[in-house]
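These notes are about the structure you will find just below.
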Protein chains: 2
Amino acid sequence: MTITVEGTYRQGGDNSVGQISVTVDLVVLTIRQGELCVLLVERGIPPYQGRWALPGGFVHEDEDLLAAAGRELREETGLAAAPGHLEQLRTYGEPGRDPRGRVVSVAHLALLPDLPAPVAGSDAAGASWHRLAAIAGPLAFDHGRILRDGVERARAKLEYTPLATAFCPAEFTIAELRGVYEAVWGTTLDARNFHRKATTTAGFVVSTGQRTQRVGRPAELYRRGDAEVLHPPLLRA
Amino acid sequence: MTITVEGTYRQGGDNSVGQISVTVDLVVLTIRQGELCVLLVERGIPPYQGRWALPGGFVHEDEDLLAAAGRELREETGLAAAPGHLEQLRTYGEPGRDPRGRVVSVAHLALLPDLPAPVAGSDAAGASWHRLAAIAGPLAFDHGRILRDGVERARAKLEYTPLATAFCPAEFTIAELRGVYEAVWGTTLDARNFHRKATTTAGFVVSTGQRTQRVGRPAELYRRGDAEVLHPPLLRA
DNA sequence: AGAATAGTGTCTCTAAGACACTATATA
DNA sequence: TATATAGTGTCTTAGAGACACTATTCT
């Protein structure tokens with residue numbers, strides 16, 4: 001079924017009906033063994049058969065864009081965005097981006113903790129995690145560009161929001177949080193300065209009173225604070 | 001004419017064709033007499049007849065999204081984005097946002113200098129500038145929300161990019177640049193500290209060697225520098 | 001005791017904010 | 001000379017980066 005808009009959108013405008021296929025694509029990032037990873041699916045049919053692509057699919061008739069992205073994430077990974085973070089990234093609509101016709105894709109960015117439940121066993125045939133540094137060939141469609149934009153968005157948002165916590169489990173140590181920054185930015189940070197910074201920036205993290213039990217001195221466990229923005233920001237060098 | 005995508009988008013996906021109307025809407029900002037202003041058009045037909053709305057229209061069949069936004073800007077204002085700035089803002093696709101049917105709008109943000117050529121005389125019947133602080137009723141559709149998002153984007157980008165120069169003519173004084181910050185942020189800034197900051201931040205502005213001729217000591221004229229990002233940023237209090 | 005990891009204290013340097021002062025034009 | 005606007009210098013303070021040191025666990 002196709003919905004048709006009747007009448008001019010506004011006076012002075014033209015009447016071309018602009019019916020276009022709308023999809024959502026997902027840049028799903030997580031951190032595994034200290035490395036930034038992205039979820040990719042292998043294309044089984046043309047175009048770009050055999051290439052890796054971002055997960056995604058068509059927006060349903062009566063479905064919000066963010067809801068569509070959440071549904072696709074669930075279908076492809078078997079996991080909800082609940083413990084992590086999901087936001088709109090950017091919309092890609094260049095006429096030639098899909099050889100089959102005009103498709104506008106509203107890309108979304110998801111940040112997830114490294115969940116114990118693996119991706120396998122979900123609906124998605126070939127969804128798998130790939131270390132960002134080790135992606136072999138070019139991705140299908142313009143997904144390479146979308147992936148780059150998503151990674152850059154994540155890198156930038158770590159600076160001025162507490163979003164690094166989306167990569168962590170509900171309770172985490174300062175060292176784990178620092179590991180997120182190091183993996184996403186591809187740098188190393190001074191553990192002492194980072195600790196001071198993270199614990200003194202208002203609303204970034206709150207102590208739970210609990211401690212870890214591993215080798216070495218036990219680390220205090222923290223939960224995400226209520227700040228939406230970091231004041232002052234945690235800038236990259 | 002309607003383009004239809006044949007075949008599944010990718011394996012594992014569903015087959016709903018997701019045909020939706022795609023439009024571009026524009027948040028066009030400028031500064032007039034020291035106040036931040038937005039370009040609005042009055043709706044002559046239902047729905048929302050008589051209400052103010054953002055300019056916009058349908059994306060053409062073989063047209064890029066940014067190009068569509070540029071075209072609408074030209075049609076509504078008679079002016080190109082060339083001297084200013086145009087970027088994608090965000091996409092709005094809530095199912096109920098247009099009572100006539102499913103319409104996904106890719107909103108764009110345009111920042112323009114206060115051009116001597118007025119908006120009148122252009123294609124647009126009722127396009128006019130409105131002081132942001134003095135917009136009477138609610139806007140049509142979800143345009144109030146889009147406008148808020150656009151203004152917030154502009155406010156944020158002044159912090160860490162040299163985008164304030166998009167509101168200025170090609171050559172401008174430091175006092176004019178400061179006026180942009182004050183209008184967009186709705187604050188007052190210390191003229192002396194701002195001068196130091198603007199002239200010492202690498203790549204923000206470059207001197208032309210020219211000077212103004214008005215009352216008082218002549219001010220040096222500057223042009224936009226080649227920096228894409230301000231290091232360090234110029235943060236709001 | 002020794003290894004391993006967590007967390008604190010201190011110093012230096014950069015940059016922001018407050019504000020007095022100097023500079024150069026017009027009326 | 002008065003007025004108006006442009007631009008510089010200085011002081012204080014917040015915060016980032018470098019890095020020595022202390023703390024608390026396990027083996």
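Chain A is the first sequence line, chain B the second, and so forth, proteins listed ahead of strands; every chain is numbered from 1. Model, not experiment: these values are computed from the prediction.
The nearest whole Å value for the distance from the CZ atom in B/R214 to the P atom in C/dA23 is 23 Å. B/Q213 has its CD atom 17 Å from the P atom of D/dT5, to the nearest Å. When the P atom of C/dA6 is taken as reference, atom CZ of A/F194 falls 13 Å away, rounded to whole Å. The CZ-C1' distance, from B/F172 to D/dA6, rounds to 16 Å in whole Å. Atom P of nucleotide D/dT24 and atom CD of A/Q210 are separated by 18 Å, given to the nearest angstrom. Distance A/I174 CD1 to D/dA23 P: 20 Å, rounded to the nearest Å.
Residue B/E220 is the one, among A/G216 and B/E220, whose nearest nucleotide of DNA chain D lies closer to the 5' end (criterion: closest heavy atom).
For the residue pair A/Y92/A/D25, the side-chain donor-acceptor check at 3.5 Å is not satisfied.
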Item checked: Summary of protein contacts for nucleotides 11-22 of chain D, nucleotide by nucleotide, where a base hit scores B, a sugar-phosphate-only hit scores S (4.0 Å, heavy atoms) -> -----SBBBB--

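B/F194 pairs by the ring pair (Phe, Tyr, Trp, His ring centres under 6.0 Å) definition with B/Y181, not counting sequence neighbours. Under the side-chain hydrogen bond (donor to acceptor under 3.5 Å, both in side chains) criterion, B/E63 pairs with B/R71, sequence neighbours left out. The side-chain hydrogen bond (donor to acceptor under 3.5 Å, both in side chains) search around A/E94 returns none, not counting sequence neighbours. Evaluation of the ring pair (Phe, Tyr, Trp, His ring centres under 6.0 Å) rule for B/H130 yields B/W52 as partners, not counting sequence neighbours.
Residue B/A191 is out of contact with every strand shown, counting any heavy-atom pair closer than 4.0 Å.
Candidate nucleotides D/dG7, D/dC26, D/dT24 were compared by shortest atom distance to the side chain of A/V215, and D/dC26 ranks first.
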In a table with atom names and distances, give each donor-acceptor pair under 3.5 Å that connects a side chain of residues 200-207 of chain A to protein atoms at least two apart or in another chain.
from   : atom 1 : to     : atom 2 : distance (Å)
A/T200 : OG1    : A/R196 : O      : 2.7
A/T201 : OG1    : A/K197 : O      : 2.8
A/S207 : OG     : A/G209 : N      : 3.2
A/S207 : OG     : A/E220 : OE2    : 2.7

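OP1 or OP2 of C/dT8 sits under 4.0 Å from a side-chain N or O of A/H195.
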